[in-house]
Structures are given as structure tokens and as C-alpha cells.
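Read through the structure below, which is laid out as C-alpha cells, and then see the notes.
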Amino acid sequence: MIKVLFFASLREQLGCDGLEVPADQFASVSELRSQLEGKGDSWRTALSHAQLQVAVNQELASMDAAVHDGDEIAFFPPVTGG
Amino acid sequence: MIKVLFFASLREQLGCDGLEVPADQFASVSELRSQLEGKGDSWRTALSHAQLQVAVNQELASMDAAVHDGDEIAFFPPVTGG
Amino acid sequence: MAVQISISVQAEGFDPGAEYNRLRSENCSDGATAMFVGNVRDFSPDESGQHREVAVLELEHYPGMAESALSAIASQAAERWPLGRVRVIHRYGPLDAGEEIVFVGTTSAHRQAALDACAFIMDFLKSRAPFWKKEVGKGGEAGAWVEARSSDETALKKW
Amino acid sequence: MAVQISISVQAEGFDPGAEYNRLRSENCSDGATAMFVGNVRDFSPDESGQHREVAVLELEHYPGMAESALSAIASQAAERWPLGRVRVIHRYGPLDAGEEIVFVGTTSAHRQAALDACAFIMDFLKSRAPFWKKEVGKGGEAGAWVEARSSDETALKKW
């Protein structure tokens, strides 16, 4: 399984902190993203954000990063700490 | 009169904190410096230091700055505070 | 001598004076200490130049990644400059106007190294550490997420 | 709003934590505070790369000009960056290893302004403020005046 997390405005838009998805349905972050966009209009809108960021196993990654069973994938808007 | 001050290693080399000189004998800092160099070998050596700094009335100045009656002229080595 | 790096991601407040004392404790070889503290402002400029009053800032973070991102940034700074100690604290949760959000402290034998490393850590923290701010107004009205500024991304280019 | 500039040239010690609190007191509009503290190191690298132990640093200054030079530097910083408060403290007299020599603190609505102004003030203070250091070794042997470093003069060029 893949653990998927959402943060900040993205979490609010989706009304969802996170979910688990089977690992065998996609090989990259962008394939995972496409699959999640299929969950409905609010998902498609939120996940199509041009500046969407992704972390794979708690490290910033690009949308074409590979995804493996057991990975933790987090989507979030640009960070604004400090 | 002109008040002349010496600081740090320059003060130690000259064995002198400062002195007063009549105002009518020179028009610029470099003329004052030449006159002071005439006071003896240690003065000539100390005041010929290539990086000698000068302040006129407590502001950094160049050696050709004009000198007027009542001015405070300070000579010192490069500063090392902070 | 190995650099001492200390990272905290915490809800509790911190005392910059105490952090300074810790950076200096038994540390006579580093003559330079640079520190940056970020506090909650009581207003937020919006696009039209109006100032919206802010009563509370909600700081969300990604637990686990927040710590490791800050550690990675501090380690990069320590590779790049001759540092003695690096301390980074970032808070999360609701923070009132005026409260401390972030502390970055660096020590070095060289002032330039301490100051540059402190600025470097703040710049990367702003654009690379997973924290998000939401502003709640004085009337308690629904909060607005703070937008990332392109100037923060631009700031990374100078390093 | 006018910048608040406060300059002290003093023999007494100071507490960086208390200075931080003063910079922040009733100052919710500036989210950024940058600080630099310089302390007496317990050694001094000489030309041959050897480390000489230092027990006491004697700080000489030019009374009157020291204050006005620091004020002028702080004012230049305040003209160049949007600062809220600027605090500069420089000590004189005999200082033991580890003691604080200098404090520069700046506040601003912008972190870059606070950090740059703090670094700017330190750079100009190092090469333009009339203070001189003399090192006294552990055995109390006659002190050596610290030589100015050309890198300090070079540091001014970037501003």
C-alpha cells in the first residue's frame, strides 16, 4: 500500500488528511496524481494546482518520481513557514 | 589652537596621548603631519605608517583635508573593533 | 571539530535569550554569533496594499518531514561555512500576534560565516521546509492561507 | 514611522536576551529580528597559523567619535532598508575570553532587510568605527595590537 497525505489548503479543499491506495496501480507520482483526480471535481481542481508540491518519503520530489510499495507520498501547496 | 590626539599602537609608539599646536602653521592635515614628524625619529617612524588614518572633528578624513583653528585632529592605525 | 546541530519542531514557545546562552555555553573558540527570530506580525499586507489585522496565526506542519528538512538545511550550511553550532527552532499550532515563530542561531570563528549561514538557513527554510501559515483575523473570521511569495523562491538563487 | 536608533558605547557588559526583548517590546509590526553578537575568543590565529592563547582583550576607543561613527553607520542602514529599530552596543576596556564585545540588532517587516542591515552594520563597524583591540596572553605578557585584516576592508565592497 501507498500512504498519501494532504496538507494545508489542499487538505481543506479535499476535506481529507490522507488515504491509502494499493501500490500496484501506478509507477510514478504523476500517475498517482491522475488517479486521485478521477475521484471527483474537487479532487481534479485541487490537484491540478500549478504549484502543487510533492514529497516522497518526506523528501521533496518531482512529479515524475517513482513510487514503490510502502512509500509515503505527500501533496501540498508551496510552503510558507519561517 | 589645534587639538591633536593619538590612539592605540600609535599612542604607544609616541608615548603621547595628544598635544596642542598653534593653528597658524599649516593649512592641511598632511602639513600638520609633516610638522609632527619633525619632532624626532620615533615621530617620523610612527607617522609615516602607510595606513595611518586621520579624523577631523571626529569624522574620518583624508590627509589633504583642511585644518582650521579649534579643530580636533586624531591620528590612529586602522581600526579593529567589532 | 564536528559541528553541533540542534533542531526542534515544537508547539511550545522559546526564549531567544536562553538560546543565545546555550549557543555561547563553553564556546570560547567561536567569536561570532548570528541569530534571526521571526515573530507573528499583527497585520498582513494584501495584494491591494491594504493591511488586514491578524490576531492569530495557525501554523500547520508535516511532522517528521519538518524536522528532517530543517536538519538537511542546517547540514548544508555546515558543509558550506566553518560553523561551530547551529540551532533551529520552528513552532507549530496557533500563535498570537507578537509571538516567536522561528529561531535560527549560528556560531563561527568568522562573522561573515555566521551571518551568511544564518541568512542561508532562513532562505531555505522559507521555501523548503513543510510549514504553512493561516491567518485568523481579529474578529475570529475564517482564516486565509498565506500565499507563497515568488521573492522567497528568488532569494535562493543568490546561494 | 521613524526608525528608532539606539547606540551605546560602554564599559559594562550587556545581556543579548534583554536586548532582544527590548527590540521586540511593543513592536508587533516588525516580524523579523536579526542579531549579531561578537565575543572575545580564547585564541588568536597568528600569521604562521599558530594559535596564541588570549586571556584578556583590551578595547581602546575614541570617545565621542565612537558613538558618532556608530550612529552614522546605523543611519546609513536605516536609509537603505525599511527598518523599525536598530540597536548597537560596543564595549571598551578589558574584556575576558568569552565576554560580549559588540551587539547589533535590527528589526524590520522583511527578513532580508533585517539580515542585510545587520551584516552591513557589522561590516562598516569593523572598518570605520574607532575601536582598537590589544591581546593579553594567559601569562599576562605584554599585549599585541590586533592587525586590521584586508578582508574587512574588502567586505565593504559588496554594499
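Throughout, a chain's letter reflects where its sequence line sits, starting with A, and its residues are numbered from 1.
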Taking side chain as everything from C-beta outward and backbone as N, CA, C, O, which of these in Phe36(C) sits under 4.5 Å from a heavy atom of chain D? Side chain, backbone, both or neither. both
Where Arg41(D) and Ser29(C) come nearest, the two heavy atoms and their spacing: CD-O, 3.2 Å
Most contact-rich option vs chain C, by heavy-atom pairs under 4.5 angstrom, among Gly17(D), Ala18(D), Gly31(D), is Gly31(D)
Shortest non-hydrogen contact from Cys118(C) toward Leu115(D): SG-CD2, 4.3 Å
Is any side-chain heavy atom of Asp152(D) closer than 4.5 Å to a side-chain heavy atom of Arg111(C)? yes
Interatomic distance, CG@Asp42(C) vs CG@Asn27(D), rounded to 0.5 Å, equals 9.0 Å
What residues of residues 84-108 of chain D sit under 4.5 Å from chain C when you count only heavy atoms? Ala97(D), Gly98(D), Glu100(D)
Below 4.5 Å, heavy-atom pairs only: which of Met35(C), Met122(C), Glu19(C) has the largest tally toward chain D? Met35(C)
What one should report as the nearest heavy-atom pair of Gln112(C) and Ala155(D) is OE1-CB, 3.9 Å
The interface call for Val40(C) against chain D, heavy-atom contacts under 4.5 Å, is backbone
Given heavy-atom pairs under 4.5 angstrom as the criterion, report whether the side chain, backbone, both or neither of Asp30(C) touches chain D. backbone
